[in-house]
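Read the structure below first, then the notes.
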Amino acid sequence: MFCRCKHDHVLSPAERTMARHEVREVEQRQTRDSLRDSPALPEIEDLIIIYNRVPKTASTSFTNIAYDLCGKNRFHVLHINTTKNNPVMSLQDQMRFVRNVTSWREMKPGFYHGHVAYLDFTKFGVKGKPVYINIVRDPIERLVSYYYFLRFGDDYRPGLRRRKQGDKKTFDECMSSGGSDCAPEKLWLQIPFFCGHYSECWNVGSRWALEQAKYNLVNEYLLVGVTEELEDFIMMLEAALPRFFRGATELYRTGKKSHLRKTSEKKPPTKESISKLQQSNIWKMENEFYEFALEQFQFVRAHSVREKDGELYLLAQNFFYEKIYPKVN
């Protein structure tokens, strides 16, 4: 927050306009100088976004928006397809991926997405870091959705045969029989995705992994949304990164692909099944992480948007520069 000293006077609208005009001139001159002095791409054109998407968090619905916008907004979208959807890369693949992403000029600006654990680019001796974004979901709702997805698929690719196809057992029946696909251990996913490529991240129930995931969320991610409030997440991304997401909010509200992927035959679990899962320490940790992410998202949103007549509106720019010396000729 910018503070004004007691002896400062309140700027008139004309003075504010002049100050903003001077700032634009400074920024434009700096951009021209950087383009003249360096062969590098302009900063905004050099931008890389990585969306290391957690399964069953509305990731396909969100990614479809990027695909729909990439032609109009002139950026590239690339899917990171790992063997057997393994979220952990080998060390050599980590190095290849980091080098590819940072040096592949033809693919900049770029939006990379895939089911991959967080990867710290600073460890690999490269200049610049990508912008990370992600979405999380209530852990039990995510598990139930994934359970039925493996058996019945969704309306995105209804003809594709899924791994558990033919198994008609409901989630509640799985819980009653002690099945492995509904075990509390299956909840352990969002924490390791944010924790990253450390062995401890994948030790189910690790307190260290939870704390590392929290640290990465607030320090390494520009924005982490929640499935339940996806439109707000998209609106805030459009405001922060218009180079990629200009038009995303309107597309989400009106486009045919916005709610395209819906898991088929999904039956809500009973209170008994939910209560049983909530007794596990694994759920308590995953839920703690989800609540932490939700609180952070709502904090950022509260300082970015306002609600009026049931509609959300982005706040206008609320800072400017003044007392710029030496004066611009």
Side-chain angles (χ1 to χ4, degrees), residues 40-41 45-60 62-64 66-67 70 75-137 142 146 149-150 156-157 160 162-163 185-206 208-224 241 244 286 289 293:
L41 292 171
E45 298 301 312
D46 200 36
L47 190 61
I48 293 296
I49 295 175
I50 296 182
Y51 170 36
N52 64 314
R53 45 195 284 196
V54 179
K56 305 311 297 176
T57 57
S59 62
T60 298
F62 174 64
T63 303
N64 279 336
Y67 277 112
C70 64
F75 65 91
H76 301 274
V77 181
L78 300 90
H79 179 216
I80 311 162
N81 192 341
T82 60
T83 303
K84 296 182 179 180
N85 284 328
N86 186 356
V88 178
M89 292 182 175
S90 67
L91 182 62
Q92 56 270 32
D93 276 349
Q94 293 177 46
M95 180 62 79
R96 293 186 188 106
F97 176 67
V98 170
R99 295 293 180 184
N100 288 161
V101 167
T102 54
S103 63
W104 198 358
R105 291 172 62 95
E106 293 78 11
M107 290 297 110
K108 293 180 178 179
F111 178 96
Y112 290 76
H113 67 96
H115 297 313
V116 180
Y118 168 77
L119 186 60
D120 181 6
F121 275 54
T122 60
K123 294 167 48 176
F124 297 88
V126 295
K127 294 181 179 179
K129 293 172 62 176
V131 172
Y132 270 94
I133 61 173
N134 216 325
I135 303 170
V136 296
R137 186 177 184 179
R142 194 207 65 80
Y146 190 62
F149 172 73
L150 291 179
Y156 183 59
R157 290 184 290 178
L160 185 64
R162 300 296 174 179
R163 180 152 48 95
E185 288 75 14
K186 295 294 184 181
L187 291 166
W188 190 258
L189 192 68
Q190 295 185 133
I191 287 174
F193 258 73
F194 279 80
C195 180
H197 279 70
Y198 306 104
S199 62
E200 187 65 18
C201 297
W202 300 90
N203 287 338
V204 178
S206 167
W208 182 91
L210 169 60
E211 297 304 323
Q212 184 64 35
K214 288 181 179 179
Y215 176 88
N216 287 342
L217 186 147
V218 296
N219 289 283
E220 305 297 342
Y221 283 78
L222 173 69
L223 184 65
V224 176
L241 295 168
F244 287 79
E286 276 281 343
F289 178 71

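Index from 1, following the sequence.
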Any side-chain heavy atom of [X] within less than 4.5 Å of one from [Y]?
| X | Y | value |
| --- | --- | --- |
| Asn203 | Trp188 | no |
| Arg53 | Thr60 | yes |
| Ile49 | Phe75 | no |
| Phe111 | Leu78 | no |
| Ile48 | Lys108 | yes |

- Task: Apply side chain to side chain contact (heavy atoms under 4.5 Å, CB included) to the pair Phe244 and Ile133, showing each step before the final yes or no.
- Result: CA-CA 13 Å; Phe244 287 79; Ile133 61 173; over 6 Å; no
Distance-only donor-acceptor pairs under 3.5 Å for side chains of residues 215-224, two or more places apart:
| residue | atom | partner | partner atom | Å |
| --- | --- | --- | --- | --- |
| Asn216 | OD1 | Gln212 | NE2 | 3.2 |
| Asn216 | ND2 | Phe194 | O | 2.8 |
| Asn216 | ND2 | Cys195 | O | 3.1 |
| Asn219 | ND2 | Tyr215 | O | 2.8 |
| Glu220 | OE1 | Tyr118 | OH | 3.4 |
| Glu220 | OE1 | Lys129 | NZ | 2.8 |
| Tyr221 | OH | Asn52 | OD1 | 3.0 |
| Tyr221 | OH | Asn52 | ND2 | 3.2 |

Lys214, NZ atom: more than 12 neighbouring heavy atoms under 6.0 Å: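 More than 12 heavy atoms, drawn from other residues, nucleotides or ligands, come within 6.0 Å of this atom.
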Note to self: Centroid separation under 6.0 Å, is that true for the rings of Tyr67 and His79?
What the structure shows: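 Ring-ring flag for His79/Tyr67: false, centres at least 6.0 Å apart.
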Note to self: Please determine whether side chain to side chain contact (heavy atoms under 4.5 Å, CB included) holds for the pair Phe121 and Ile50, giving the CA-CA distance in whole Å, both sets of side-chain angles, and the decisive distance to 0.1 Å.
What the structure shows: CA-CA 11 Å; Phe121 275 54; Ile50 296 182; 3.6 Å; yes
Of the non-hydrogen atoms in [X] and [Y], which two are nearest, and what is the gap between them?
| X | Y | value |
| --- | --- | --- |
| Pro192 | Ala117 | O-CB, 4.1 Å |
| Ile135 | Thr57 | CG2-O, 3.5 Å |
| Val136 | Ala293 | CG2-CB, 3.7 Å |
| Glu200 | Ser206 | OE2-OG, 2.7 Å |

* To do: Determine, stepwise, if the pair Tyr132 / Leu119 fulfils side chain to side chain contact (heavy atoms under 4.5 Å, CB included).
  => CA-CA 10 Å; Tyr132 270 94; Leu119 186 60; 3.7 Å; yes
Margin query: Does Thr102 form a side chain to side chain contact (heavy atoms under 4.5 Å, CB included) with Lys127? I'd like the steps, not just the answer.
Written below: CA-CA 8 Å; Thr102 54; Lys127 294 181 179 179; over 6 Å; no
Notebook entry, point to check: Could Lys56 and Phe149 be counted as a cation-pi pair, given that NZ or CZ must be under 6.0 Å from the ring centre and within 45° of the axis?
Noted result: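 Cation-pi check for Lys56 and Phe149: passes.
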Between [X] (side chain) and [Y] (backbone), is there a donor-acceptor pair under 3.5 Å?
| X | Y | result |
| --- | --- | --- |
| Arg142 | Pro55 | yes |
| His113 | Ser59 | no |
| Glu286 | Gln190 | yes |

Could I get the full list of ring pair (Phe, Tyr, Trp, His ring centres under 6.0 Å) partners for Trp104, not counting sequence neighbours?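 None.
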Could you give the distance from OG1 (Thr82) to NE2 (His115), rounded to the nearest 0.5 Å?
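The distance works out to 8.5 Å.
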Anything under 3.5 Å between a donor and an acceptor, one on a side chain of residues 87-98, the other on a protein residue two or more places apart or in another chain? List them.
| residue | atom | partner | partner atom | Å |
| --- | --- | --- | --- | --- |
| Ser90 | OG | Asp93 | N | 3.2 |
| Asp93 | OD1 | Arg96 | NH1 | 2.5 |
| Gln94 | NE2 | Met89 | O | 3.1 |

- Query: Between Tyr198 and Trp208, what is the ring plane arrangement, given parallel below 30°, perpendicular above 60°, and tilted in between?
  - Reply: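 Perpendicular.
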